[in-house]
Each structure stands twice: as structure tokens, then as C-alpha cells.
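This report refers to the structure that appears directly beneath it.
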Amino acid sequence: MGTFKNACTVLVAGLTVTSGTAAQAGGVAGGVAGSMAKSARPAPDWSGFYVGPQAGQAFSIIDKDAFVDAFEAPLDSYGCTGGLCDGKRDAAIGGLTVGYNWHYADGSLIGVEADVAYSGLDGAFDFDGTSALSPVQRLLSSGHVRLHTPFIGTARLRLGYAVGPLLPFVTAGLAVTYSSAEVSGDATLEAQLAPGAWVPVGSQPASYSESAFTAGWTAGGGVEYALSDEWSAKVDYLYVDLITSDLGEEPPQLHLWRAGLNYRF
């Protein structure tokens with residue numbers, strides 16, 4: 001009888017210790033789960049208006065020969081000096097972005113976005129060359145060409161899919177730039193009086209300057225990350241193909257790499 005009582009006492013004591021340990025374990029697990037729940041920020045709602053600054057780098061490719069044609073002195077051959085001789089320009093850009101998003105329950109997103117940026121795209125070159133007009137006449141031409149594109153703007157549609165705080169997206173739409181072109185130079189007509197003996201018979205200076213808008217299309221993509229319920233950071237890339245121009249030159253192609261911050265209302 002004493003042995004049975006002692007056994008029951010040991011068993012009850014063991015159950016008490018076990019239940020206490022289990023309760024403690026449950027409390028620790030509950031605390032960890034609660035801490036994780038508190039630290040896991042819910043996915044943001046991307047819907048609504050947003051505005052923010054953006055900055056980056058622009059790279060431009062143009063057909064420099066088109067500017068020589070604008071000078072109306074097509075050259076059989078010519079030399080070129082200056083930073084724009086390869087037809088390439090690159091510079092920093094910076095400006096403002098505004099937009100509106102529609103964020104759906106399945107994570108998909110449709111948005112519209114517009115931006116305008118000041119651009120440091122500026123380049124120039126000097127040229128000189130000769131055009132044969134006839135066996136006894138030739139035209140000597142020289143000049144200076146400059147192209148400045150101070151403003152770049154786009155208006156685009158955005159399609160994305162939100163994964164937690166991350167929003168990858170693709171985008172496409174319209175692009176507009178404002179540029180100024182300057183061409184100045186001199187053309188001298190020479191006549192051959194004898195083999196190898198060329199003499200000038202006339203000279204005509206020429207200049208051309210105009211500023212205008214250039215329009216085209218743009219497409220690209222990027223990713224945006226929600227820093228909080230209101231603020232987000234993004235990086236994107238846009239390819240711009242300018243297909244119409246009032247300047248008369250072959251419109252350039254642009255590559256834009258940008259980073260920015262957005263504030264959602």
C-alpha cells in the first residue's frame with residue numbers, strides 16, 4: 001500500500017513538471033510567433049497618387065552626317081574634331097515623377113506615370129571637307145555643329161505585379177524632348193585653271209539655328225520597393241526612339257537609367 005502511494009506521488013509529480021514545461025514551451029513559442037507577426041510588415045497598398053524626384057544618366061546616339069546635310073554642303077569626305085564626332089552624348093538627368101496606380105487584390109497593378117527631367121545632353125563637333133562639283137570645280141566647306149537637349153519627358157502606362165513590398169513592372173508610352181541645333185560654317189567655291197592649280201572664285205558663309213520638340217515612343221522596365229506605407233524607392237530603364245522632329249536632322253535614340261523616390265498619398 002505504501003509502495004502504490006509512493007508510485008502515485010511520483011507520477012503526479014512527473015505530470016506536474018511535464019505540464020509546467022509544456023506550458024513554458026507554449027509560452028515561448030507563442031512569444032516568438034507574436035514577435036514574428038509584429039515584425040512582418042503587411043504588403044503595402046500601391047493604389048493612389050504618388051509624386052517624387054528622380055535622377056540618373058542619359059546616353060544619346062545621333063547621325064552626325066545629318067547635320068552636315070542641314071548645312072547644305074554634302075561632302076564627299078571630311079574630317080571631324082570634337083566630342084560629338086562619334087555621334088554619342090551622355091550626361092546626368094534629374095527631374096520629377098507623378099503617377100497613379102490601381103492595385104488589385106491578386107497583386108496585379110495598372111498605373112499611369114509621367115515625368116519631366118532636365119538633361120545635360122550637349123555635344124559639338126567641327127568639320128571640314130571637299131565636294132567635287134565637276135572636273136574643274138570643287139567646294140571647300142568647314143563649320144561647327146552643336147546639339148543641346150535640355151529637357152526630356154515621358155507619359156507611360158505601367159503594368160506590374162506586387163510581391164510583398166516588391167513591385168517589378170514594365171512600362172511603355174510616349175516620349176518628348178526639347179532640343180536646339182546650331183550649325184555654322186563657310187563654303188568656298190574653287191576652280192581649276194590648270195592641273196593642280198585651284199583658285200577661289202567665291203565664298204559664302206552659312207548658319208542654321210533652331211529649337212523644337214522631338215517626339216517618339218519609349219519602353220522599359222524596373223522595380224520599386226516599399227520603404228513604408230507612404231514612401232518607396234525605385235530604379236528603372238527606358239529606351240527612347242525619337243521618330244519625328246521639327247529640327248530636320250535624324251532624330252536621336254536615347255537610353256535612360258534612373259533611380260527615384262516616390263511618396264504615395
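Because only heavy atoms are used, hydrogens play no part in the values below, and waters and symmetry mates are left out as well, while side chains stay in.
Looking at S141, its side chain never comes within 3.5 Å of a backbone N or O of A187 through a donor-acceptor pair. Judged purely by atom type and a 3.5 angstrom limit, T171 uses its side chain to pair as donor or acceptor with the backbone of L157. Counting only distance, with no hydrogens or angles, the side chain of S60 and the backbone of L254 share no donor-acceptor pair below 3.5 Å. The backbone N or O of L147 sits less than 3.5 Å from a side-chain atom of R89, completing a donor-acceptor pair.
Aromatic rings of F265 and Y263 (six-membered ring for Trp) have centroids within the 6.0 Å cut-off, being under it.
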Mind running side chain to side chain contact (heavy atoms under 4.5 Å, CB included) on I93 and L256 for me, showing each step along the way? CA-CA 9 Å; I93 56 174; L256 309 179; 4.1 Å; yes

Evaluate side chain to side chain contact (heavy atoms under 4.5 Å, CB included) for Y178 paired with V176, printing each intermediate quantity in order. CA-CA 7 Å; Y178 182 78; V176 177; over 6 Å; no

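In the model, T97 has no side-chain atom that pairs as donor or acceptor with a side-chain atom of R258 under 3.5 Å. Side chains of S207 and S184: a donor-acceptor N/O pair is absent below 3.5 angstrom, by distance only. Between the side chains of S203 and D186, at least one donor N or O sits under 3.5 Å from an acceptor N or O.
Between D115 and R156, at least one side-chain nitrogen of the basic residue sits less than 4.0 Å from a carboxylate oxygen of the acidic one, meeting the salt-bridge criterion. In this structure, R146 pairs ionically with E182, as a charged nitrogen and a carboxylate oxygen lie closer than 4.0 Å.
By the 6.0 Å and 45° rule, R264 does not stack over the aromatic ring of W231.
Here the shortest heavy-atom pairing between S180 and S211 reads CB-OG, 3.2 Å. In plain terms, the two heavy atoms of V240 and A175 that are nearest each other are CG1-CB, 3.6 Å. Pairing each heavy atom of L167 with each of A162, the nearest pair is CD1-N, 3.8 Å. Of all heavy-atom pairs spanning V201 and A191, the tightest one is CG1-CB, 3.9 Å. A pairwise comparison of heavy atoms in Q192 and P135 identifies NE2-O, 3.3 Å as the closest pair.
Between D236 and E224 the shortest side-chain heavy-atom distance does not fall below 4.5 Å. Using a 4.5 Å cut-off on side-chain heavy atoms (C-beta onward), S232 and L227 make no contact. For the pair V235 and V223, the minimum side-chain heavy-atom distance is below 4.5 Å. Proximity of D122 to T149: side-chain heavy atoms (C-beta onward) are nowhere separated by under 4.5 Å. When side chains are defined from C-beta on, Y118 counts as touching P150, because their heavy atoms get closer than 4.5 Å.
The cluster map of Ile, Leu, Val, Met, Phe, Trp and Tyr, joined by side-chain heavy atoms under 4.5 Å apart, puts V116 and V98 in different clusters. With hydrophobic clusters built from ILVMFWY side chains whose heavy atoms lie under 4.5 angstrom apart, L159 shares a cluster with V112. Y100 and L96 fall within a single hydrophobic cluster, where Ile, Leu, Val, Met, Phe, Trp and Tyr side chains are chained together by heavy-atom contacts under 4.5 Å. Note: the hydrophobic cluster containing F169 does not contain L166 (ILVMFWY, side chain heavy atoms under 4.5 Å, direct or indirect links).
Here D241 contributes atom CG and L238 contributes atom CG; the two are 13.0 Å apart, rounded to the nearest 0.5 Å. In this structure, the separation between CH2 on W198 and CG on L189 is 9.0 Å, given to the nearest 0.5 Å. Once rounded to the nearest 0.5 Å, the distance linking OG1 of T177 with CG of L121 reads 9.5 Å. One distance of note links OG1 of T81 with CG of D126; it measures 4.5 Å at 0.5 Å rounding. One distance of note links CG of L109 with OH of Y161; it measures 11.5 Å at 0.5 Å rounding. Note that CD1 of I61 is 4.5 Å distant from NE2 of H255, once rounded to the nearest 0.5 Å.
Using bins of under 30°, 30° to 60° and over 60° for the plane-to-plane angle, the ring pair W257/Y237 lands in the tilted bin.
D90 meets the salt bridge (charged side-chain N to carboxylate O under 4.0 Å, His left out) test with no other residue; sequence neighbours excluded.
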If you look only at distance, which donor and acceptor atoms sit under 3.5 Å apart when one is on a side chain in residues 46-54 and the other is two or more places apart or in another chain?
{"unit_1": "S47", "atom_1": "OG", "unit_2": "D45", "atom_2": "OD1", "d": "3.1"}
{"unit_1": "S47", "atom_1": "OG", "unit_2": "H103", "atom_2": "N", "d": "3.0"}
{"unit_1": "Y50", "atom_1": "OH", "unit_2": "E113", "atom_2": "OE1", "d": "2.6"}

